[in-house]
*Asks:* 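First the structure, which I've put down as structure tokens, then a few questions once you've had a look.
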Amino acid sequence: MQVKLLPTHYKNIAFITGILSLLILIFNMFYQELFESNNLFFKWIFKNIFLISLLVFSFTQEKIETDEISLLRFERLKQAVIFGGVILVFDSISELIFYHGHIDMKSGYEIMVMVLLFYLITFHSYKTKLTSK
């Protein structure tokens with residue numbers, strides 16, 4: 001089965017934009033007075049840039065895309081979706097158990113970032129094990 005993925009050079013672009021947006025968000029945490037006028041809008045834009053760069057990084061092909069790597073990609077993506085579902089269920093249960101007048105559930109953004117980071121970490125760790133054999 002042939003899967004359509006983004007070309008390999010998109011991975012470099014996504015990596016650079018992701019790191020830059022993450023650094024800007026961290027810088028904004030410590031120096032909020034620099035971006036005081038539109039701080040929420042500013043954070044929203046760079047959080048979305050970070051999420052988009054994670055998505056692009058996740059769906060770019062490897063330099064050498066074999067059937068083993070494609071199968072590994074599918075398995076890790078399936079595991080990441082299950083991970084996201086488990087996080088969502090445990091977050092819901094913990095909110096019900098420790099209810100103090102208001103419910104503070106994780107946002108879709110937070111869950112999506114956790115799922116993509118889980119996918120990227122597990123995929124690349126298993127890929128290095130696979131290619132080192």
*Asks:* So, taking the atom named CD in Gln61 and the one named CZ in Arg73, what distance separates them when rounded to the nearest 0.5 Å?
*Replies:* 8.0 Å

*Asks:* Taking the side chain as everything from C-beta on, heavy atoms only, tell me whether Glu110 gets closer than 4.5 Å to Val113.
*Replies:*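 Glu110 vs Val113: side chains apart.
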
*Asks:* Which distance, rounded to the nearest 0.5 Å, do you find between the OG1 of Thr8 and the NZ of Lys63?
*Replies:*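 The distance works out to 7.5 Å.
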
*Asks:* Name every donor-acceptor pair, under 3.5 Å, that has one atom in a side chain of residues 75-86 and the other anywhere in the protein, sequence neighbours excluded.
*Replies:*
| from | atom 1 | to | atom 2 | distance (Å) |
| --- | --- | --- | --- | --- |
| Glu75 | OE1 | Lys78 | NZ | 3.4 |
| Arg76 | NH1 | Gln79 | OE1 | 2.4 |

*Asks:* For Lys43, what residues pass the salt bridge (charged side-chain N to carboxylate O under 4.0 Å, His left out) criterion, not counting sequence neighbours?
*Replies:*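 With neighbours one apart ignored, the set is empty.
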
*Asks:* Supply the atom-to-atom distance Lys127 NZ to Thr122 OG1, rounded to the nearest 0.5 angstrom.
*Replies:* 12.0 Å

*Asks:* Just distance, no hydrogens or angles: give the donor-acceptor pairs under 3.5 Å from side chains in residues 17-24, sequence neighbours left out.
*Replies:*
| from | atom 1 | to | atom 2 | distance (Å) |
| --- | --- | --- | --- | --- |
| Thr17 | OG1 | Ile13 | O | 3.0 |
| Thr17 | OG1 | Ala14 | O | 3.2 |
| Ser21 | OG | Thr17 | O | 3.1 |
| Ser21 | OG | Gly18 | O | 3.0 |

*Asks:* Has Ile26 got more than 12 heavy atoms of other residues, nucleotides or ligands less than 6.0 Å from its CD1?
*Replies:*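 Yes - once you tally the heavy atoms of other residues, nucleotides and ligands closer than 6.0 Å, there are more than 12.
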
*Asks:* Are Met112 and Phe123 joined in one hydrophobic group, where the rule is that I, L, V, M, F, W and Y side chains link up if heavy atoms are under 4.5 Å apart?
*Replies:* yes

*Asks:* Output every pair passing salt bridge (Lys or Arg N to Asp or Glu O under 4.0 Å) with a member in residues 21-30, not counting sequence neighbours, ordered by first then second residue.
*Replies:*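 Every candidate salt bridge (Lys or Arg N to Asp or Glu O under 4.0 Å) pair involving residues 21-30 fails, so no pair, neighbours aside, qualifies.
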
*Asks:* Give a yes or no on whether Leu6 and Phe57 share a hydrophobic cluster (residues Ile, Leu, Val, Met, Phe, Trp, Tyr; joining criterion: side-chain heavy atoms under 4.5 Å apart).
*Replies:*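 Not linked; separate clusters.
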
*Asks:* Under a single-linkage definition using a 4.5 Å side-chain heavy-atom cutoff for Ile, Leu, Val, Met, Phe, Trp and Tyr, are Phe15 and Leu116 assigned to the same hydrophobic cluster?
*Replies:* yes

*Asks:* Using a 6.0 Å cut-off, check whether atom OH of Tyr109 has over 12 heavy atoms from anything other than its own residue.
*Replies:* yes

*Asks:* Name all residues meeting the ring pair (Phe, Tyr, Trp, His ring centres under 6.0 Å) criterion together with Phe59; count only those two or more places apart in sequence or in a different chain, and write none if there are none.
*Replies:* none

*Asks:* Identify, with sequence neighbours excluded, every residue that meets side-chain contact (heavy atoms from CB on, under 4.5 Å) alongside Leu96.
*Replies:*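 Counting only residues at least two positions away or on another chain, Leu96 forms no side-chain contact (heavy atoms from CB on, under 4.5 Å).
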
*Asks:* Identify, with sequence neighbours excluded, every residue that meets salt bridge (charged side-chain N to carboxylate O under 4.0 Å, His left out) alongside Glu68.
*Replies:*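 If we apply the salt bridge (charged side-chain N to carboxylate O under 4.0 Å, His left out) test to Glu68, skipping adjacent residues, there are no hits.
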
*Asks:* Would you please name every residue forming a side-chain contact (heavy atoms from CB on, under 4.5 Å) with Phe98, sequence neighbours left out?
*Replies:*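 Ser94, His100.
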
*Asks:* Apply the hydrophobic cluster definition, ILVMFWY joined by side-chain contacts under 4.5 Å directly or through others, and give me every member besides Ile121.
*Replies:*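 In the cluster with Ile121 there is nothing else; it is isolated.
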
*Asks:* Side-chain donor-acceptor contacts of residues 45-56 below 3.5 Å, not counting sequence neighbours, with atom names and distances?
*Replies:*
| from | atom 1 | to | atom 2 | distance (Å) |
| --- | --- | --- | --- | --- |
| Asn48 | ND2 | Trp44 | O | 3.2 |
| Ser53 | OG | Ile49 | O | 3.3 |
| Ser53 | OG | Phe50 | O | 2.7 |

*Asks:* CD1/Ile69 to OG1/Thr131 distance, rounded to the nearest 0.5 angstrom?
*Replies:*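 These two atoms lie 7.0 Å from each other.
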
*Asks:* Hey, could you give me each pair passing salt bridge (Lys or Arg N to Asp or Glu O under 4.0 Å) that has a residue in residues 6-20? Not counting sequence neighbours.
*Replies:* Lys11-Glu62

*Asks:* Any heavy-atom pair between the side chains of Pro7 and Thr60 that's under 4.5 Å?
*Replies:* no

*Asks:* Does Ser92 have any side-chain contact (heavy atoms from CB on, under 4.5 Å) partners at least two apart in sequence or in another chain, and if so, which?
*Replies:*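 By the side-chain contact (heavy atoms from CB on, under 4.5 Å) rule, Ser92 matches Met105.
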
*Asks:* For the CZ atom of Phe30 and the CG atom of Leu25, what is their distance to the nearest 0.5 Å?
*Replies:* 12.0 Å

